[in-house]
There are 2 protein chains.
Amino acid sequence: MNIDNNQLRQYIENTADLMEEHGLPRMAGRVIGALMICTPPYLSHDELAEQLQASKGSISMTTQLLTRVGILERISLPGHRKHHYQLRSRLWQDLLSTSSEHIQQHRRLADDGLHLLKDEPAEAKLRLIELQVFSDFILELLPEMADRWERRRPELMEERLAQLA
Amino acid sequence: MNIDNNQLRQYIENTADLMEEHGLPRMAGRVIGALMICTPPYLSHDELAEQLQASKGSISMTTQLLTRVGILERISLPGHRKHHYQLRSRLWQDLLSTSSEHIQQHRRLADDGLHLLKDEPAEAKLRLIELQVFSDFILELLPEMADRWERRRPELMEERLAQLA
DNA sequence: CAATGTGTTCAATCAAGACTGAAACTTGTG
DNA sequence: CACAAGTTTCAGTCTTGATTGAACACATTG
């Protein structure tokens, strides 16, 4: 499939917009967008460069970044020397555990803060303590959510696919 | 309390780092950091400017932004004409509902994508369908989480405060 | 082990947007 | 109502960081 179509281009830009809000470079968002809608579900290095009208260098930087953070994976296709990339399949489950890491950063910040305020009255610490307690609450919940998703995904997907048929 | 202390400065910069990752301007992160550790738990416009070594203009922009997204609130103190700002108290609960909005943006993007791929085989749609299904799963769960937090917060806070005493 | 097809690196360019500072505006007070 | 204090706005500056493009490195294949 070529990204020949204006609407598909637009879709990719919209994805880039959204990903930008999450702190990724636009180009990374474009790559994700393209890989969400292409058939087959992977693109080679230079297909990406061509279809996103970006330089090879920029694609290289971007695939590197997205691979590092676990969003992309590189695949080898028999009979091709080119690298191909596709979205990791357990992306959504993984999102739950990367959230964990984010929350832990906040929790650690709260710990630091409390250490600095150790001689202050309890009242002064309330904001930081609430952050700690909330973080712990979420950290406890996330594995449960991941677990539930794991269990329910097959049935939910099946339901959803049945609707299409 | 003055932010006279190097460690407190550092704490504020660390907060700014973390907030920057979440897509906020550094200055917004600094304001949040300062308001997490100051006593009393609010600061005036020019206390912020002074303690963060920022221009009044920049503080004005920042408080405006943070108020708009529901992180800060402006308070009036009797006997003062200055504006004071503090962190909204229901910040963490609210975080759960703003997550909802983010997820909905993704869900909508998936809807758009599926519309574009409507004539493609089901296989081509799997990535988008999984995004839809996952989004719906999370959207269903978030209110439950908010509810659980609401219920457990008092007891968790009390436990935590008892540890301090 | 060249030759060719791929991919990466990096210095330079460019663009976005954060921040400043001064002027304009608003609000409260005598 | 005039003055002063406080706040906002906005044009310009500056910083950061994304992107390019060309040189370099690597790998595959005949």
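The sequence lines fix the lettering, A, B, ..., with proteins before strands; numbering per chain opens at 1.
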### Task
Would you mind building the protein contact string for nucleotides 23-30 of chain C? One character per nucleotide, 5' to 3', B for base within reach (heavy atoms under 4.0 Å), S for sugar-phosphate only, - for untouched.
-----BS-

### Summary
Protein-proximity profile, nucleotides 10-19 of chain C, B/S/- by nucleotide at the 4.0 Å heavy-atom cutoff, equals B--------S

#### Entry: Opening and closing nucleotides of DNA chain D in contact with chain B, under 4.0 Å to non-hydrogen atoms
D:dA5 to D:dC10

Between atom [atom1] in [X] and atom [atom2] in [N], what is the gap in whole Å?
X: B:K56; N: C:dA22; atom1: NZ; atom2: C1'; result: 12 Å
X: A:I59; N: C:dT9; atom1: CD1; atom2: C1'; result: 16 Å
X: A:H45; N: C:dG5; atom1: NE2; atom2: P; result: 16 Å

### Task
Please round to the nearest 0.5 Å and tell me the distance separating atom OG of B:S58 and atom CG of B:L48.
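If I round to the nearest 0.5 Å, the distance is 10.0 Å.
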
### Query
Taking everything shown except B:Q105 itself, do over 12 heavy atoms lie less than 6.0 Å from its CD?
yes

### Message
If you count heavy atoms of other groups shown closer than 6.0 angstrom to CD of A:Q163, is the number above 12?
### Response
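Yes - once you tally the heavy atoms of other residues, nucleotides and ligands closer than 6.0 Å, there are more than 12.
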
[X] with [Y]: basic N within carboxylate O range, under 4.0 Å:
X: B:R148; Y: A:E140; value: no
X: A:R153; Y: B:E130; value: yes
X: A:D112; Y: A:R108; value: no

### Task
Run the numbers on B:N6 and B:Q10 for side-chain hydrogen bond (donor to acceptor under 3.5 Å, both in side chains), then give the verdict.
CA-CA 6 Å; B:N6 262 339; B:Q10 189 56 57; over 6 Å; no

### Message
Taking side-chain contact (heavy atoms from CB on, under 4.5 Å) as the definition, give me every residue that meets it alongside B:L139, ordered by chain and number, with sequence neighbours left out.
### Response
B:S100, B:I103, B:Q104, B:D136

### Query
Sequence neighbours excluded, which residues qualify as side chain to side chain donor-acceptor pair (under 3.5 Å) partners of B:E73?
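For B:E73 the side chain to side chain donor-acceptor pair (under 3.5 Å) partners, ignoring immediate neighbours, are B:Q86.
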
### Summary
Between A:L24 and B:D46, whichever has its closest DNA chain D nucleotide further toward 5' is B:D46

### Query
Got A:M36 and B:L131 here, is their nearest side-chain heavy-atom distance under 4.5 Å?
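Of all side-chain heavy-atom pairs linking B:L131 with A:M36, at least one is under 4.5 Å.
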
### Message
Checking B:E20 now: which residues fulfil salt bridge (charged side-chain N to carboxylate O under 4.0 Å, His left out) with it, not counting sequence neighbours?
### Response
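With neighbours one apart ignored, the set is B:R26.
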
### Query
Has A:H83 got a side-chain N or O lying under 4.0 Å from the OP1 or OP2 atom of C:dG7?
yes

